[in-house]
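Reading through the structure tokens given below for one structure.
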Number of protein chains: 2
Amino acid sequence: MPPPSPRARTASGRAPVHRTPVHRSPVQRIPLSRMAVLDAAIALADAEGIDAVSMRRLAEPLGVVPMALYKHVADKDDLLDGMVDRLIGQFSPGAEADAAAPAIEPGRDWAAAVRSSVLSARAVIQQHPWARRVIETRSRRTPAVLGHMERLTQHFLAGGLSPDLTHHVMHLLGNRIWGFSPELFNAPDSGPAAPERSRPTPDPDPADYPGIIAIATDARARRPEALGCDEEFEFRFALDVLLDGIERLRATGWSSPTL
Amino acid sequence: MPPPSPRARTASGRAPVHRTPVHRSPVQRIPLSRMAVLDAAIALADAEGIDAVSMRRLAEPLGVVPMALYKHVADKDDLLDGMVDRLIGQFSPGAEADAAAPAIEPGRDWAAAVRSSVLSARAVIQQHPWARRVIETRSRRTPAVLGHMERLTQHFLAGGLSPDLTHHVMHLLGNRIWGFSPELFNAPDSGPAAPERSRPTPDPDPADYPGIIAIATDARARRPEALGCDEEFEFRFALDVLLDGIERLRATGWSSPTL
DNA sequence: ACCTGAACACCGTTCAAGT
DNA sequence: ACCTGAACACCGTTCAAGT
């Protein structure tokens with residue numbers, strides 16, 4: 001199949017997709033399973049972006065009619081939940097992401113354990129550009145999702161944080177527990193197939209935003225080779241500020257105000 | 001129009017909507033404008049959830065054919081950007097959200113100025129349940145968006161933070177600058193019209209998640225009347241932890257590591 | 001047990017035509 | 001200048017039928 005080159009836009013506003021249907025015979029096709037469907041969906045999202053993941057488009061490479069997928073996933077929400085669960089399954093379950101690192105005893109250094117858990121999540125999530133947006137729009141607490149939250153919760157409790165404080169610091173971390181930053185904005189676009197939409201709106205006048213210009217200029221002076229922000233640095237910077245703040249609350253015996 | 005009562009689901013998986021088309025004559029209709037379209041879209045999203053905001057559904061109450069909207073918004077993305085911009089326009093521009101509050105001099109108390117700006121954003125955003133999800137999926141830096149970022153940036157710079165540190169703390173605040181928390185999960189569903197989808201998946205076994213149960217039990221004991229988490233408390237708690245952390249970085253003269 | 005065909009009720013958007 | 005009609009290329013999903 002040719003690469004998804006820039007496609008001319010049609011009346012539909014979507015790219016006209018000319019796909020040659022794959023007519024694999026049922027004999028040579030390994031029977032469909034939930035895992036096969038989820039892995040195909042992940043591969044499709046990796047290759048063409050999450051918008052390409054429709055039940056119809058997903059059925060094609062599996063050599064099957066769209067409706068056949070409904071035997072293996074309940075609906076599209078279940079498909080997306082399953083995709084996320086597959087990624088969570090790849091997280092390093094404990095703090096042993098790096099075998100060379102010293103063994104961490106959560107009770108002795110809860111912050112290192114939390115840090116390691118979150119960074120192991122990040123290592124997986126970063127490989128799938130669509131994952132951030134999908135996670136942000138999920139609402140189901142699957143066992144995989146609860147499992148990751150449980151591990152982090154245990155690190156805090158074992159480190160001597162009260163259940164009260166643990167509760168609030170989980171909210172404080174928020175979706176950073178999945179290894180991505182709650183960005184001011186999304187990346188310019190999601191997925192490799194996203195075309196460059198040139199908008200008619202004129203660029204804003206830099207003179208109106210001296211503060212933003214000042215920090216952008218400073219950042220460019222520090223990293224002349226970089227085109228954008230260093231997401232990896234920003235994530236670790238933020239995570240460490242949060243962990244430092246949490247340690248301070250723990251050390252001073254913070255508890256929530258009584259009503 | 002009757003309230004959007006629970007609607008039976010059809011083969012489409014979407015609610016079968018029986019809407020009586022409004023045939024307002026062009027004479028009695030005030031001419032369409034961008035503002036009228038945006039305000040109608042906001043009203044529709046408030047009343048029926050963001051999923052109800054389609055070009056076709058939006059055209060109806062305006063007494064117009066869907067294609068007429070394209071004279072006033074470039075496309076659906078532009079519609080969503082415009083809706084967000086309308087909300088940002090309602091933010092209190094400075095720190096003077098409360099007229100009774102003492103005048104804040106940014107140079108003297110940058111943290112109070114930032115806090116006030118963010119909470120004034122929150123006051124607006126909280127009134128529109130759809131706003132969080134829409135903001136999270138936007139990528140265009142409109143003048144309104146840049147304006148809010150510029151005001152916060154100016155508070156930091158005026159408070160004596162370096163451009164370097166200001167840059168990183170903006171990332172640290174992340175989408176909390178819009179007044180919502182980067183939630184672990186979304187609310188169960190967006191929009192008032194969302195039907196209760198009962199999933200076939202069995203509930204997870206509480207015994208598998210002792211840590212989560214411990215913090216949930218503790219939270220319920222503290223607020224017996226509450227059904228969920230106190231989002232307002234969590235937001236302010238997190239904001240204050242962040243502002244404290246930032247003040248500590250400022251006071252110790254933090255600067256980013258040189259390469 | 002698993003897959004297929006046809007249909008339903010929607011989408012966003014372009015184009016050419018109307019007033 | 002502004003709005004309309006018809007069409008195109010898609011969606012997710014149910015149901016009854018096939019193998």
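Note that the coordinates shown come from a computational prediction; the quantities given were computed from them, not determined experimentally. Chain A is the first sequence line, chain B the second, and so forth, proteins listed ahead of strands; every chain is numbered from 1. Because only heavy atoms are used, hydrogens play no part in the values below, and waters and symmetry mates are left out as well, while side chains stay in.
The aromatic rings of A/W178 and A/F91 sit tilted, their planes meeting at an angle between 30° and 60°.
Both distances falling under 3.5 Å, in either a Watson-Crick or a G-U wobble arrangement, occur for no nucleotide opposite C/dC11. Base pairing of C/dC3: no nucleotide in any strand meets the Watson-Crick or G-U wobble criterion (both distances under 3.5 Å).
Under a 4.0 Å N-O distance rule, the pair A/D78/A/R34 qualifies as a salt bridge. Ion pairing between a basic and an acidic side chain is recognised when a charged N comes within 4.0 Å of a carboxylate O; B/R132 and B/E136 show such pairing.
Here C/dC11 presents its P atom at 14 Å from CG of B/L79, a figure rounded to the nearest Å. Counting to the nearest Å, the C1' atom of D/dC2 and the CG atom of B/L32 are 10 Å from each other. The CG-C1' distance, from A/D78 to D/dG12, rounds to 14 Å in whole Å. Between the P atom of D/dT4 and the CG atom of B/L62 lies a distance of 11 Å, rounded to the nearest Å. Distance, B/M55 CE to C/dG12 P: 7 Å, rounded to whole Å. When rounded to the nearest whole Å, the span between CG of B/D75 and P of C/dC11 equals 17 Å. What separates NZ of B/K76 from C1' of C/dC10 is a distance of 12 Å, to the nearest Å. Rounded to an integer number of Å, the gap from CZ of B/R56 to C1' of C/dT13 is 9 Å.
In the set C/dC11, D/dC11, C/dT4, the nucleotide with an atom closest to the side chain of A/R57 is D/dC11. Of the candidate nucleotides D/dG5, C/dC3, D/dA7, D/dG5 has the atom nearest to the side chain of B/M67.
A distance of about 22 Å separates the P atoms of C/dA9 and D/dC10, rounded to the whole Å.
Dashed line: the shortest gap from a side-chain N or O of B/Y70 to OP1 or OP2 of C/dT14 is not under 4.0 Å. Within the 4.0 Å cut-off from OP1 or OP2 of D/dC3, not a single side-chain nitrogen or oxygen of B/K71 is found.
Residues A/H72 and B/S54 both approach DNA chain C. Their nearest nucleotides, taken by heavy-atom distance, put A/H72 toward the 5′ side.
Under 3.5 Å, the side chains of B/D81 and B/T142 contain no donor-acceptor pair of N or O atoms.
How far CE of B/M35 is from CZ of B/R86: 4.5 Å, rounded to the nearest 0.5 Å.
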